[in-house]
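Scroll down for the structure; my scribbles are underneath it.
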Number of protein chains: 2
Amino acid sequence: MSPDQNTKDTSASQPTATVTPKAAYHHGDLRAQLIAAVRDLVETHGPDGFSVAEAARRAGVSSAAPYKHFKDRHEILRGVVSEAMDRLRAAMEVGAAAHQAGSLDAVAAVGQAYVDFARAEPGVFRLVFGLTEGHENAPDLLAKGEGCFGVVVQAVATRFGLPPGDADVQRRAYMLWSFVHGHSFLTIDMKHKVASAEIDDWDYLMGISRAILAPVAQA
Amino acid sequence: MSPDQNTKDTSASQPTATVTPKAAYHHGDLRAQLIAAVRDLVETHGPDGFSVAEAARRAGVSSAAPYKHFKDRHEILRGVVSEAMDRLRAAMEVGAAAHQAGSLDAVAAVGQAYVDFARAEPGVFRLVFGLTEGHENAPDLLAKGEGCFGVVVQAVATRFGLPPGDADVQRRAYMLWSFVHGHSFLTIDMKHKVASAEIDDWDYLMGISRAILAPVAQA
DNA sequence: GACGAAAGTTAGCAGCTCTCACATATATTT
DNA sequence: AAATATATGTGAGAGCTGCTAACTTTCGTC
């Protein structure tokens, strides 16, 4: 809790100011700490089981301090979502890059990364796709959402050798995403259920990818 | 000790007991009124934008009255979810029954009913599949969820002429559900997005159903 | 060093959840 | 029909939360 609080000499002089994205005034980078705390709370207590006061408590500041960095409780949540979307997209890109460009495995790997993320952080995953209020005034989140979708589109486009803007590519990418999205939600919703427990993700995703991407030869 | 099963139907003797589903003690059937109020609030203000106090206000009772019918705010939400699941299942069954048994259209119609529900009541839909706390202690909700899944399974089983317990039937039904579930979520998440707006639900669902159910001849 | 802005504090209001003691209407028993 | 038990309502209140206001401290910059 209190390890990096007494960084009185700002590490700005240090050339290795690696992590802190924003120089700390008094304490540390409270903004990032709050987001981390909220992410933790969301993950353990559910999307609506967090409170700004508790997050502030965990960060070791007063309950009014967060409002110097976020105007709303919703804005904190948006911060968590934004950060999570960055990680999700990165994971998807890593998954795609781990296989031969244009291969079916590359497409399936994108889906696998998606499912893995949902399994690893179900609370955050639900939050990302459950934000209703605040979503209107958040063009950056919409852009990041499209960015994630873009990874799928890119994988499909590469496989087909078509531009990402192609209508068929878009349609098939949407089908894939819809499938993976649904599977992710169902798999975290009913952990004890029969059907999902018996499914091996990779086999499942490969089958799906093949089914959706196969008919291109005919078209 | 089944607190919510007091459908004693005392008005059975009354021939003109038209509207009131449950005889009123003091006011009306507060329980149902509260659930309706909460459903309305969830639909308009989002899943976490409701309050027991506001629901009580709308029902015209004091803010303590709801706690005579529900022990928690979560229990009210569970009541809303339970009621919504009943309607969802009914809609799915109606959709299936509207087409020839075993036809591809019957399968697609089940999915269409699902998507229609999500579109019509996105807030409630999100609530149904977003309940995290209270879900553990709610075997009735789990049972109803399986009941909904059972409709899909039944449609697939009928099409294949196989028993509902068949592993292949279960797997394909899960694939279908996963697809429709994902499409439903995406379609309510991004109303302004390009991809989903250009999709005609029925064509989409028919295509999906055909793709998933087709390879049976080979197997 | 002076000064303005950034980042933190305490105090406090309003609203929410939920409980407790009490009041009243209905159901059941005698 | 009277009495009793139970179900259903009310009001007051404790404790927590979201958020604001006014003040204080620290930092960067002239």
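Chain letters run A, B, ... following the sequence lines, proteins first and then strands; every chain starts at 1.
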To the nearest angstrom, the NE2-P distance between A:His69 and D:dC19 comes to 16 Å
Nearest-Å distance for atom pair CD/P, residues B:Glu54 and C:dC18: 16 Å
Tell me the interatomic distance from B:Phe70, atom CZ, to C:dT19, atom P, rounded to whole angstroms. 15 Å
Is the ring pair B:Tyr174/A:His183 parallel, tilted or perpendicular, if the boundaries are 30 and 60 degrees? perpendicular
Just the rounded figure in Å: distance from P of D:dG11 to NZ of B:Lys68. 14 Å
Nucleotide of D:dG18, C:dT9, D:dT10 approaching A:Tyr67 most closely (side-chain heavy atoms): D:dG18
Rounded to the nearest Å, what distance is computed from the CZ atom of residue A:Phe50 to the P atom of nucleotide D:dC16? 18 Å
Do any N or O atoms from the side chain of A:Thr187 and from the backbone of A:Ser184 form a donor-acceptor pair under 3.5 angstrom? no
Which of A:Trp177, A:Phe129, A:Phe185 passes ring pair (Phe, Tyr, Trp, His ring centres under 6.0 Å) with B:Phe185? Answer is A:Phe185
Between A:Ile76 (CD1) and D:dT17 (P), how many Å, whole number? 13 Å
Whole angstrom is fine here: how far is it from NZ in B:Lys71 over to P in C:dC18? 9 Å
Contact class for A:Ala53 vs. all strands (heavy atom < 4.0 Å): base, sugar-phosphate, or nothing? sugar-phosphate
Parallel, tilted or perpendicular: which fits the ring planes of B:His99 and B:Trp202, with parallel below 30° and perpendicular above 60°? parallel
Charged N to carboxylate O below 4.0 Å: is that the case for A:Arg126 and A:Asp189? yes
Picking from D:dG11, C:dT17, D:dT17, which would you name as closest to the side chain of A:Ser51? D:dT17
For D:dT17, does either OP1 or OP2 sit under 4.0 Å from a side-chain N or O belonging to A:Arg57? yes
What is the nucleic acid contact for A:Ser62, judged by heavy atoms within less than 4.0 Å: base, sugar-phosphate only, or nothing? base
Look at the side chain of A:Ala65 and decide which nucleotide, out of C:dT19, D:dG18, C:dT9, has an atom nearest to it. C:dT9
Could you give the CG-to-P distance, from B:Leu30 to D:dA7, as a whole number of Å? 16 Å
